[in-house]
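Scroll down for the structure; my scribbles are underneath it.
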Amino acid sequence: MSRVSHATMRQLATLIEAVIGGLAVDVENAREQGKSEVSLGDIRTDVVKLLDWYIQREPDRIPGLFGEICLTARLRLGLPPEKVGRLLRRSLHLDSELDGKTINALLDLALPPSAKSAGDS
C-alpha cells in the first residue's frame with residue numbers, strides 16, 4: 001500500500017474543491033431562480049487543465065479523485081453522481097489536452113459505477 005504525501009493530499013483537496021466550487025455556484029443559481037432541476041455548466045478550463053496535469057502525473061489516484069468529487073457533490077450539494085460523471089466527461093472532452101479515446105477509456109475505468117450513464121463512451 002502506497003503512502004500519500006501531504007503535498008498529494010493538498011493537491012487532491014484543491015482539485016476537489018475547485019470542481020465542487022463550480023458545482024455549488026450552479027446549485028445556488030438554480031435555487032435563486034426557483035428551479036427544481038440544476039443545470040450544470042462546464043467545469044472551468046483552468047480546472048480541467050489542473051485535472052489534466054494530475055491525470056498525467058498520478059494516474060493511479062484518478063479513481064479516488066473522481067469518486068471523491070462525486071461523493072462530495074452528492075453529500076454537500078445533493079447532486080446525483082451520474083450527473084456529475086456526465087459533467088466530468090463533457091468538460092474533459094471540451095478542454096482537456098487528452099484525446100477523446102483516452103478520455104473515454106480513463107472515465108470508463110475511473111468513474112465509480114454510480115457516476116456512469118448507459119450511453120457513456
Using the rule that two of Ile, Leu, Val, Met, Phe, Trp, Tyr join whenever any of their side-chain heavy atoms come within less than 4.5 Å, decide whether Leu65 and Leu109 are in one cluster. no

Pairs touching residues 38-59 that satisfy salt bridge (charged side-chain N to carboxylate O under 4.0 Å, His left out), sequence neighbours left out: Asp42-Arg90, Arg44-Asp46, Lys49-Glu97, Glu58-Arg61

Rounded to the nearest 0.5 Å, what separates atom CZ in Phe66 from atom CD1 in Ile16? 11.0 Å

Please test Leu50 against Gln11 for side-chain contact (heavy atoms from CB on, under 4.5 Å), starting from the C-alpha separation and ending with a verdict. CA-CA 10 Å; Leu50 285 173; Gln11 290 169 343; over 6 Å; no

Would you name the heavy atoms of Gly85 and Cys70 that are closest together and state the gap between them? N-SG, 4.5 Å

As a test of understanding, state which of Leu94, Leu106, Leu111, Val84 forms a side-chain contact (heavy atoms from CB on, under 4.5 Å) with Arg89. Leu111

One should read off an interatomic distance between Leu23 CG and Thr72 OG1, to the nearest 0.5 angstrom, of 10.0 Å

Verify, without hydrogens or angle tests, whether Lys116 (side chain) and Leu107 (backbone) share a donor-acceptor contact under 3.5 angstrom. no

Pairs meeting criterion salt bridge (charged side-chain N to carboxylate O under 4.0 Å, His left out) with involvement of residues 68-81, two or more places apart: Glu17-Arg76

Heavy atoms of Ser96 and Ile103 approach each other most closely as CB-CD1, 3.8 Å

Ala110 and Ile62: which non-hydrogen atoms are nearest, and at how many Å? CB-CG2, 3.9 Å

Does the side-chain contact (heavy atoms from CB on, under 4.5 Å) test come out yes or no for Leu88 and Ile43, once each step is laid out? CA-CA 7 Å; Leu88 285 165; Ile43 297 170; 3.7 Å; yes

Extract all donor-acceptor atom pairs below 3.5 Å that involve side chains of residues 27-36 and protein atoms in other chains or at least two apart in sequence.
| residue | atom | partner | partner atom | Å |
| --- | --- | --- | --- | --- |
| Asn29 | ND2 | Val25 | O | 3.4 |
| Gln33 | OE1 | Lys35 | NZ | 3.1 |

Any non-hydrogen side-chain atom of Leu92 less than 4.5 Å from a side-chain atom of Leu98? no

Cluster check Leu71, Leu79: I/L/V/M/F/W/Y, side chain < 4.5 angstrom: no

Atom CG of Asp95 and atom OG1 of Thr45: how far apart are they, to the nearest 0.5 Å? 3.5 Å

